[in-house]
Amino acid sequence: MLSGLSVIGSERGSEQQEKLFSFSTLRGADLPEAFSVASQAEIDVAIAKARLAFPIYAALPATKRAGFLEAIAAEISAISETLVERAHLESGLPIARLQGECGRTVNQLKLFAAVLNEGSYVEAVIDPALPDRQPLPRADLRKWLIPLGPVAVFAASNFPLAFSTAGGDTASALASGCPVIVKAHQSHLGTNELVAVAIQQAAKKTGMPDGVFSSIVGGGATLGQTLAAHEGIKAVGFTGSYRAGMSIFRKATLERKTPIPVYAEMSSINPVLLLPEKIAADPVALATQVAGSVTLGVGQFCTNPGLLFVIKGTATANFEKALSEALLKAPAGTMLNKTICSAYYNEKEKLASMQGVELLVDNPSAANEYKGSAALMKVNSTQFRANEEFQNEVFGPSTLLVSCESLEDMVDTIATIHGQLTGSVFGTEADFSAFQPAINILAERVGRLIYNAVPTGVEVCYAMVHGGPYPATTDGRSTSVGADAIKRFLRPVCLQDAPAALLPDALKNENPLGIMRKLNGVYTRDVVV
């Protein structure tokens with residue numbers, strides 16, 4: 001049974017007069033459970049607990065933190081059926097999709113547990129002393145990565161499990177040794193509470209310090225600004241809109257006494273290059289594949305393909321016709337919440353009304369049922385280059401076809417696009433060779449370059465990069481998915497001439513952890529002699 005209270009370390013919040021409710025687009029009404037908005041005193045307690053927990057938690061062996069993450073995975077797995085049912089009610093996402101997302105959430109936690117057990121994530125570097133070096137000796141220098149401190153995580157609307165309370169930001173921050181305070185998303189407050197209690201139980205069972213995790217219920221902008229401004233918070237993980245992300249970024253970096261890093265994933269329209277030979281080979285099959293990506297999850301993925309670049313020609317006209325037919329057949333799907341649904345139709349209509357836009361597909365609106373219907377628009381490259389507003393994100397099952405005259409025209413047009421999470425290229429080997437200049441320009445603007453596959457779908461693994469140049473994220477040097485996400489919440493520290501007894505295990509001569517280290521510029525597991 002849901003209590004409607006925040007989770008504050010090992011305790012629960014108290015009943016408050018101000019309440020929030022989750023709106024169900026499936027039912028077209030608020031769900032009955034009321035959730036108390038945390039008081040300022042409760043927020044302060046959560047952050048104070050996190051600050052006290054930090055030195056204890058950060059000092060734990062990595063294997064102990066790994067055990068904590070594995071315990072969270074086990075607790076979530078134990079309530080998966082209840083969790084999926086609640087998330088379905090709150091998000092409108094299909095049961096099968098949520099079952100997969102629940103599995104991904106568990107696997108993310110296990111991935112970071114594996115990273116901790118292996119141990120090399122600390123990136124230990126040892127340059128032993130050279131006392132006899134001329135003209136000057138070299139001190140003993142040893143570097144590793146240490147955790148930043150308490151992290152504020154903002155749950156995402158479109159992934160109520162994998163990018164939310166126990167999602168990638170939380171998992172990677174906890175793995176790094178940082179306590180986490182989650183701002184619950186108002187769209188799925190019940191889902192948040194179920195997961196938050198699971199984490200709380202895992203913390204108790206594994207003996208983690210009180211305050212290693214909290215989950216706070218509160219109004220979006222107010223609570224977000226409070227967390228970003230609080231001197232007890234040392235980093236932020238965020239997934240959401242550009243406006244909200246930049247508001248948090250400004251608060252945390254420009255308006256605080258002590259600026260902190262903000263890792264915000266905000267806006268991406270994921271351009272796709274559809275090259276001539278590939279289109280000519282089978283325009284219908286390609287159109288079907290692209291339409292499936294545009295409408296997957298009612299277009300509510302951060303990797304939804306919102307821009308399609310083509311070269312004008314007969315084969316392209318056939319592709320355009322096939323894509324239009326496929327999108328006309330696509331059924332409207334329930335959207336995540338009424339705010340997203342309203343914004344989708346508003347942004348779609350705004351785009352369709354812009355100069356030079358041809359509306360190719362505009363299925364009847366299902367906004368009154370909180371459903372998104374597919375749309376396809378077209379503009380020529382000259383018009384696209386002349387107006388940056390064509391790059392505004394339309395979060396839903398809509399895409400814009402940009403018609404180019406030639407390779408040179410395509411290169412010039414792609415050169416104007418903003419930073420993106422992904423860029424996809426569909427082509428034959430001959431296409432790849434002929435259009436390499438366009439591909440090179442695209443590669444400069446994305447975090448992941450994809451060949452002959454749609455952008456929707458992000459693998460949780462060691463090589464994944466889910467990030468990109470601004471405005472896709474506030475820091476294109478990082479990823480929010482995959483093993484390297486842990487690095488966002490770590491910082492390098494160099495120890496100079498530290499006594500052997502004071503060295504952490506990762507930097508000791510004998511390498512008791514058996515991890516890979518860089519010794520005199522060479523990666524090795526060898527001891528220092």
Legend entry - Whether over 12 other heavy atoms sit under 6.0 Å from Q17 CD: no
Can you tell me if [X] uses its side chain to pair, donor with acceptor, with the backbone of [Y] under 3.5 Å?
X    : Y    : answer
E42  : S39  : yes
S268 : A472 : no
T399 : V294 : no
E15  : S36  : no
S241 : A244 : yes
H88  : L93  : yes
R104 : V460 : no

Inset, instruction - Could you check L2 against L194 for side chain to side chain contact (heavy atoms under 4.5 Å, CB included), going step by step and ending with a plain yes or no? - result: CA-CA 8 Å; L2 297 171; L194 291 170; 3.9 Å; yes
Inset, instruction - Go through the steps for T258 and E231 under the test side chain to side chain donor-acceptor pair (under 3.5 Å), then give the verdict. - result: CA-CA 7 Å; T258 308; E231 286 295 315; 3.0 Å; yes
Legend entry - side chain to side chain donor-acceptor pair (under 3.5 Å) assessment of T473 paired with D475: CA-CA 5 Å; T473 70; D475 191 335; over 6 Å; no
With side chains defined as the heavy atoms from C-beta onward, is the minimum distance between [X] and [Y] less than 4.5 Å?
X    : Y    : answer
F112 : S172 : yes
L296 : F301 : yes
I8   : I216 : yes
F35  : E193 : yes
S91  : L98  : yes

Enumerate donor-acceptor pairs with a distance under 3.5 Å from any side-chain N or O in residues 365-372 to protein atoms, sequence neighbours excluded.
unit_1: S365; atom_1: OG; unit_2: A367; atom_2: N; d: 3.2

Inset, instruction - Could you go through the side chain to side chain donor-acceptor pair (under 3.5 Å) check for Q383 and N387 one step at a time? - result: CA-CA 7 Å; Q383 293 281 359; N387 190 346; over 6 Å; no
Inset, instruction - Kindly determine whether V212 and F68 satisfy side chain to side chain contact (heavy atoms under 4.5 Å, CB included), including the steps that lead there. - result: CA-CA 11 Å; V212 71; F68 175 35; 4.1 Å; yes
Legend entry - For F309, the option from F426, F390, F384 that meets ring-ring contact (aromatic ring centres under 6.0 Å, His included): F384
